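Okay, structure first, notes after.
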Amino acid sequence: MSERELEKRISSYIPLPVCIINRQGKVLEASGKIGEVFIYGGIEDGDIFALTGIKTAELYESASKGEHPLIRRNDRVFRLLLQKMDPESEETGLAILFDDVTGMEELKDMYRNEKMCFAKVQVDNYDELTSGAGAESRLALSSEIDKIIRRWGAKANAS
């Protein structure tokens, strides 16, 4: 089986969006599901850097290291699963599978954004300010301090 026939088989049988590039970053083949990643069709002969924003050399390096870069397209997040067509050859093509990990990334963002955070606020000279004041003045001062802290927290989307 020739390399071109292998490329066509891979792109037609894999249930994920997939494309195959050559060493220069030109897209040789793309599956029908590639429209899930890129809003325009016919990416064959396109440049992978123009499509993903990742240089070809970086993709090959990630493939060698077993890393999986992320890209954002069409309000979705895709993890790139990279595999050299022939691991023994330096001039081989690269298969790029686009795994939709949008839900997982949204959960990670939600977790990061909802972590509990505590702050201790110490007001300098508070005792001196309130030493001669009555209960109403102390309450008003505490209320004003609370308002200032809440406004500051609102700017940081804290609640």
Side-chain angles (χ1 to χ4, degrees), residues 1-123 143-159:
M1 181 182 318
S2 74
E3 188 172 323
R4 191 73 174 157
E5 289 171 339
L6 180 62
E7 291 167 3
K8 285 190 182 291
R9 282 194 176 192
I10 287 173
S11 67
S12 65
Y13 289 115
I14 295 177
L16 297 173
V18 62
C19 70
I20 299 170
I21 63 170
N22 64 14
R23 192 68 184 169
Q24 290 72 40
K26 180 180 173 184
V27 177
L28 302 174
E29 188 74 33
S31 70
K33 291 185 168 267
I34 203 71
E36 295 174 16
V37 182
F38 306 107
I39 56 174
Y40 36 84
I43 67 165
E44 287 86 359
D45 296 327
D47 182 61
I48 197 66
F49 177 70
L51 294 167
T52 64
I54 303 173
K55 295 179 181 176
T56 305
E58 292 172 5
L59 290 171
Y60 274 88
E61 185 177 330
S62 292
S64 297
K65 292 180 177 179
E67 297 173 348
H68 307 289
L70 297 177
I71 64 167
R72 296 182 185 274
R73 293 292 179 275
N74 299 328
D75 297 323
R76 294 160 86 188
V77 181
F78 295 93
R79 177 179 46 206
L80 304 185
L81 306 173
L82 308 164
Q83 181 65 48
K84 288 183 179 180
M85 297 298 287
D86 178 4
E88 304 299 319
S89 171
E90 285 299 315
E91 293 302 314
T92 188
L94 185 68
I96 305 172
L97 287 82
F98 297 85
D99 185 20
D100 189 347
V101 293
T102 306
M104 185 174 67
E105 291 299 313
E106 287 173 350
L107 273 174
K108 284 166 61 174
D109 288 343
M110 196 165 55
Y111 172 75
R112 272 188 294 250
N113 292 337
E114 292 185 6
K115 281 185 178 177
M116 185 147 320
C117 180
F118 293 96
K120 178 182 177 183
V121 177
Q122 186 170 342
V123 179
S143 178
E144 189 61 33
I145 292 169
D146 183 62
K147 285 180 190 175
I148 291 168
I149 292 169
R150 288 182 186 274
R151 279 194 300 256
W152 172 77
K155 287 180 185 176
N157 293 325
S159 53

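Nothing here was measured: the structure is a model prediction, and the numbers come from that model.
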Any chance you could measure [X], atom [atom1], to [Y], atom [atom2], to the nearest 0.5 Å?
| X | Y | atom1 | atom2 | result |
| --- | --- | --- | --- | --- |
| L80 | I96 | CG | CD1 | 6.5 Å |
| I20 | Q83 | CD1 | CD | 11.5 Å |
| L81 | L97 | CG | CG | 5.5 Å |
| I54 | L82 | CD1 | CG | 8.0 Å |
| D45 | E29 | CG | CD | 10.5 Å |
| K55 | E61 | NZ | CD | 11.5 Å |

V18 backbone acceptor or donor facing S31 side chain under 3.5 Å = yes
request  = Kindly say whether R76 contributes a backbone atom to a donor-acceptor pair with the side chain of N74 at under 3.5 angstrom?
outcome  = no
inquiry  = Using side-chain contact (heavy atoms from CB on, under 4.5 Å), reason through D109 and R112 one step at a time and then give a plain yes or no.
reply    = CA-CA 5 Å; D109 288 343; R112 272 188 294 250; 2.6 Å; yes
key: Sub-4.5 Å side-chain heavy-atom contact between I34 and V27   = no
ask   = Going through the checks in order, is the ring pair (Phe, Tyr, Trp, His ring centres under 6.0 Å) test met by F78 and F38?
value = CA-CA 11 Å; F78 295 93; F38 306 107; 8.0 Å; no
Which heavy-atom pair separates [X] from [Y] by the least distance, and what is that distance?
| X | Y | value |
| --- | --- | --- |
| R73 | G53 | NH2-N, 3.8 Å |
| D47 | Q24 | OD1-O, 4.2 Å |
| E44 | A30 | OE2-N, 3.4 Å |
| R79 | D99 | NH2-OD2, 2.6 Å |
| F98 | C19 | CE1-SG, 3.9 Å |
| L94 | K84 | CD1-N, 3.7 Å |

key: Heavy atoms of other groups near R23 CZ, more than 12 under 6.0 Å   = yes
